[in-house]
J.: 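Dropping a structure here in structure tokens format, bear with me for questions.
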Amino acid sequence: MPSVPIARLRRPGAEPPDLHPGPHRLAYAIYTSGTTGTPKGVVITTPAFAAAVAASADALGIDEQTRGLCVSPFHFDGSFGTLFPTLYAGGALIIRPREALLFPRTFFNAVKQESITVTGFSPTYLRLLLASPQMDQLAATALSVVALGARHAR
């Protein structure tokens, strides 16, 4: 497979991450602007990632009875809050085709049909769901945790 040096892929002002973070193995690298607004590469080590996953599972009450619905695409790190804590705790991870969750009706149907207990998505998606006349139906489902995430905008 051909490769391209990361320096050729970066945006102006962005520094590539240090892919040798010391004694710990690399879990993944992500580009973020953080609070500065300047893009920079950040390395997430395996121990840091494992600690974040365990802490998320604990904070959200995710366990082996959990039925997590992954709404965000896998390439978006926002999906990690449903994906990895659910798997870590031994729960069931429900993955529907992305297109199947673009409309509120199909989201509500998935929550009901799959007995979803946990999910997570962006505030933008929440606004879409809140505008739906079907929003009231969630009270009659097993859904007990919705984790929201957003990027702070200036």
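Only this structure's heavy atoms are used, side chains among them; waters, hydrogens and symmetry mates stay out.
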J.: Taking only residues at least two apart or on different chains, which pairs with a member in residues 127-149 satisfy side-chain hydrogen bond (donor to acceptor under 3.5 Å, both in side chains)?
T.: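 Every pair satisfying side-chain hydrogen bond (donor to acceptor under 3.5 Å, both in side chains) with a residue in residues 127-149: T124-R127.
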J.: With sequence neighbours left out, write down each residue that passes side chain to side chain contact (heavy atoms under 4.5 Å, CB included) with L128, or none if nothing qualifies.
T.: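 Partners of L128 under the side chain to side chain contact (heavy atoms under 4.5 Å, CB included) test: P104, Y125.
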J.: Do V111 and T119 come within less than 4.5 Å of each other through their side chains, counting heavy atoms only?
T.: no
J.: Can you list the residues that meet the side chain to side chain contact (heavy atoms under 4.5 Å, CB included) rule with F84, with sequence neighbours excluded?
T.: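 F49, V53, F80.
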J.: For residues 51-70, which residue pairs pass the ring-ring contact (aromatic ring centres under 6.0 Å, His included) check, not counting sequence neighbours?
T.: none
J.: Hey, are the side chains of L129 and F108 touching, using non-hydrogen atoms and a 4.5 Å cut-off?
T.: yes
J.: Output all residues satisfying side chain to side chain contact (heavy atoms under 4.5 Å, CB included) with P97, sequence neighbours left out; order by chain, then residue number.
T.: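 Checked P97 against side chain to side chain contact (heavy atoms under 4.5 Å, CB included); matches are E99, A100.
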J.: Nearest heavy-atom pair of A57 and Y88: which atoms, and what distance?
T.: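 Looking at all heavy atoms of both residues, the shortest contact is CB-CD2, 3.8 Å.
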J.: Through direct or indirect side-chain contacts below 4.5 angstrom among Ile, Leu, Val, Met, Phe, Trp and Tyr, which residues connect to V145?
T.: L60, I62, V118
J.: Just grab all the salt bridge (Lys or Arg N to Asp or Glu O under 4.0 Å) pairs involving residues 42-66, residues at least two apart or on different chains.
T.: none
J.: Taking all atoms of both residues into account, what is the closest heavy-atom pair of A110 and L69, and its distance?
T.: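 Residues A110 and L69, closest heavy atoms: CB-CD2, 4.3 Å.
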J.: Show every ring-ring contact (aromatic ring centres under 6.0 Å, His included) that has at least one partner inside residues 127-148, sequence neighbours left out.
T.: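 Of all non-adjacent pairs touching residues 127-148, none passes ring-ring contact (aromatic ring centres under 6.0 Å, His included).
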J.: Search all heavy atoms of I116 against all heavy atoms of I94 and return the closest pair with its distance.
T.: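 Closest approach of I116 to I94: CD1-CG1, 3.5 Å.
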J.: To the nearest 0.5 angstrom, please state how far the SG atom of C70 sits from the CG atom of L83.
T.: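 Result: 4.0 Å between the selected atoms.
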J.: Taking only residues two or more places apart in sequence or in another chain, which ones pass side-chain hydrogen bond (donor to acceptor under 3.5 Å, both in side chains) with E114?
T.: R67, R96
J.: Strictly by side-chain hydrogen bond (donor to acceptor under 3.5 Å, both in side chains), give each pair with a member in residues 103-112 just once, sequence neighbours left out.
T.: none
J.: Could you identify which residues cluster with L102, counting Ile, Leu, Val, Met, Phe, Trp and Tyr as linked when any side-chain heavy atoms lie under 4.5 Å apart, either directly or through a chain of such contacts?
T.: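 Same cluster as L102: F103.
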J.: Under the side-chain contact (heavy atoms from CB on, under 4.5 Å) criterion, do L148 and L126 qualify, and how do the steps go?
T.: CA-CA 8 Å; L148 296 174; L126 176 61; 3.5 Å; yes
J.: Suppose we screen for side chain to side chain contact (heavy atoms under 4.5 Å, CB included). Which residues come up paired with S56, at least two apart in sequence or across chains?
T.: P85
J.: Work out which heavy atom in A92 is nearest to a heavy atom in T86; give both atom names and the distance.
T.: O-CG2, 3.5 Å
